[in-house]
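Taking it in order: structure first as structure tokens, then the write-up.
Residue numbers begin at 1 in each chain, while the letters A, B, ... track the order of the sequences.
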Amino acid sequence: MIMNNSSAEKFFFESFSTLKETSEFLVSKGNVAMISAGSTDVLVHTQKRGFPNYIVSLNQIQDLNYVNVDKNEVRIGSLTTLTEISESQIIIEKFPALSKAAGQVGSPQIRNRATIAGNLCNASPAADTAPALLVYDAKLKIFNQGNERIVELSEFFVGPGKTILENGDIVIEIILPIQKKSVSSFVKIGKRKALEISIMSMAMSVEIENNIIKSAKVACGSVAPKPVLINKTAKSLVGLEVKDELDLVNAIEIIKKEVTPIDDIRGTANYRLHMLGVTLKRMVLELVRSEA
Amino acid sequence: MMKKLNFVVNNRKYSIEVDPRKTLLDVLREDLKLTGTKKGCGSGECGACTVVIDGQNVNSCMVFALDMEGKEVITIEGLAPKSGEIHPIQQAFVDHGAIQCGFCSPGMIMSTSAILEKHEKPTEEQIREGISGNLCRCTGYVKIVDAIQSLAENK
Ligand SMILES: Cc1cc2nc3c(=O)[nH]c(=O)nc-3n(C[C@H](O)[C@H](O)[C@H](O)COP(=O)(O)OP(=O)(O)OC[C@H]3O[C@@H](n4cnc5c(N)ncnc54)[C@H](O)[C@@H]3O)c2cc1C
Ligand code: FES
Ligand code: FES
């Protein structure tokens with residue numbers, strides 16, 4: 001994206017009522033045009049790096065704001081706000097890690113504007129909804145000039161601020177397969193409750209029968225260049241009979257080797273590693289007890 | 001390029017030419033001269049710029065003005081029922097000593113109005129959560145929570 005501090009004469013704000021016009025316009029302008037949804041990241045970027053020549057707002061497009069349920073999946077429109085997600089009854093019931101994560105982003109004012117697709121497409125390693133959506137095997141539906149394709153969220157992030165999205169791509173839907181037997185949770189570690197970018201976050205989804213973990217997914221934020229699934233650790237949980245924290249010593253060792261966080265202004269690598277272990281332990285115990 | 005914006009602020013229709021780079025906050029303050037809405041951080045952190053759009057509190061510094069096409073915005077100037085009067089929320093803030101320097105007050109009061117729209121009788125937790133995006137450097141929040149609680153009790 002080229003940002004050049006456009007003067008009012010060279011800066012254009014466009015919005016179209018259809019996806020097709022929006023996507024075609026984006027393709028015609030290439031890397032001097034930027035999509036804006038809730039604009040809570042876009043306006044922070046423009047303050048830091050200047051304006052691109054074109055901002056293309058999605059806000060005149062109807063029908064991208066919904067949470068729909070059918071037998072096997074829940075589909076979330078890309079412009080659904082984080083407030084709507086955190087308050088959606090179906091998401092609270094079926095995808096509690098997502099409702100918790102969405103409800104902890106920024107502040108009420110931010111959540112009232114911030115969209116779920118914006119949170120993912122901004123591709124911050126700290127994006128709060130990403131770990132939750134990763135453990136739920138989320139897929140994204142992407143529109144480009146009349147064509148649609150579906151990609152796995154686990155293949156969507158490339159690095160800080162980078163995704164697989166190409167010119168003209170617009171994320172239109174997040175698809176969540178309904179998990180019938182799993183229980184799940186999300187924890188965000190930060191210095192305070194509101195307006196805090198995570199030092200570390202973790203989401204987990206597990207299937208438990210008679211204290212034995214039958215399947216597990218774990219994902220973390222703020223510990224790698226992108227939100228990541230922590231697969232080795234998850235695998236080490238499968239088959240475990242969890243009675244107390246002693247049963248988790250091995251898994252805690254594994255997560256500390258599997259993840260290699262860095263020091264930054266929010267926290268040190270050591271603190272992050274420590275909290276990964278603590279959070280893993282607390283979360284597994286919480287979920288096992290909820291099923292007992 | 002300047003662009004036309006049609007929207008409603010405090011029940012009054014506006015049709016104005018705006019600089020497309022401007023946020024809603026800048027248009028309110030600079031173009032409409034509605035300076036009751038304050039600019040603190042300009043980056044979504046402090047809540048001083050809070051206004052209500054479609055019943056929800058929003059940071060006006062985090063919204064492109066042109067995204068307000070066809071929308072209805074309420075600012076602190078639009079809260080009072082009549083000119084020369086103040087709104088019960090404002091009165092409660094005065095009565096409870098919830099205002100010191102007053103810089104956070106317009107935003108805090110707009111968030112309060114959104115809290116009361118969402119919850120008929122908000123609990124202390126809902127109040128604290130509801131104002132968690134509004135920073136106050138003076139009061140320590142206790143008197144603000146008291147003021148909002150008094151409104152919930154009188155409902
Ligand atoms: C004060 C403050 C606090 C914050 N706190 C948090 C926090 O705690 N946790 C957190 O995760 N985030 C936080 N954020 C970041 C931000 O609010 C979220 O990432 C938000 O979900 C972004 O959504 P948006 O709709 O505002 O995105 P926008 O700003 O509109 O867009 C973000 C990016 O995604 C692209 N984009 C948006 N929609 C689409 C689409 N449909 N298809 C393709 N590309 C698209 C845009 O081009 C842009 O690059 C905070 C931001 C602020 C200002
Ligand atoms: S001025 Fe908008 S949040 Fe601070
Ligand atoms: S009264 Fe001074 S900041 Fe709140």
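- Proximity to chain A is limited to the side chain of Met68(B), based on heavy atoms less than 4.5 angstrom apart.
- Listed by sequence position, Asn57(B), Val58(B), Asn59(B), Cys61(B), Met62(B), Val63(B), Phe64(B), Leu66(B), Asp67(B) are the residues of residues 57-67 of chain B in contact with chain A, using a 4.5 angstrom heavy-atom cutoff.
- Nearest heavy atoms, Gly130(B) versus Pro108(A): O-CG, 3.9 Å.
- Between Asn134(B) and Gln109(A), the side chains place a donor N or O and an acceptor N or O closer than 3.5 Å (distance only, hydrogens not considered).
- Nearest heavy atoms, Pro20(B) versus Phe13(A): CB-CB, 3.8 Å.
- Atoms CD1 and CZ, on Ile55(A) and Arg21(B) in that order, are 12.0 Å from each other to the nearest 0.5 Å.
- Atom-to-atom distance recorded for Ser39(A):OG and Leu24(B):CG is 10.0 Å, nearest 0.5 angstrom.
- Atom CG of Asp63(A) is surrounded by 12 or fewer heavy atoms from other residues, nucleotides or ligands within 6.0 Å.
- Within 6.0 Å of the CD atom in Glu17(B), the count of heavy atoms belonging to other residues, nucleotides or ligands exceeds 12.
- If you measure heavy-atom distances from Lys71(B) to chain A, you find no contacts under 4.5 Å at all.
- Taking 4.5 Å as the heavy-atom cut-off, none of the residues of residues 114-131 of chain A approach chain B.
- Within 6.0 Å of CZ on Arg12(B) lie no more than 12 heavy atoms contributed by other residues, nucleotides or ligands.
- Between chain A and the options Ser132(B), Ala114(B), Ser111(B), heavy-atom pairs under 4.5 Å are most frequent for Ser132(B).
- Contacts between Glu87(A) and chain B at a heavy-atom distance below 4.5 Å involve the side chain alone, from C-beta outward.
- Within a 6.0 Å radius of NZ in Lys100(A), more than 12 heavy atoms belonging to other residues, nucleotides or ligands are found.
- Rounding to the nearest 0.5 Å places NZ of Lys3(B) at 9.5 Å from CZ of Phe11(A).
- For Glu166(A), there are no salt bridge (charged side-chain N to carboxylate O under 4.0 Å, His left out) partners, not counting sequence neighbours.
- Within residues 41-52 of chain B, the residues approaching chain A closer than 4.5 Å by heavy atoms are, in numerical order, Gly42(B), Ser43(B), Gly44(B), Glu45(B), Gly47(B), Thr50(B).
- Contact of the Met1(B) side chain with the Phe12(A) side chain is registered, since non-hydrogen atoms from C-beta on lie closer than 4.5 Å.
- Environment of CZ in Arg75(A): crowded, with over 12 heavy atoms of neighbouring residues, nucleotides or ligands closer than 6.0 Å.
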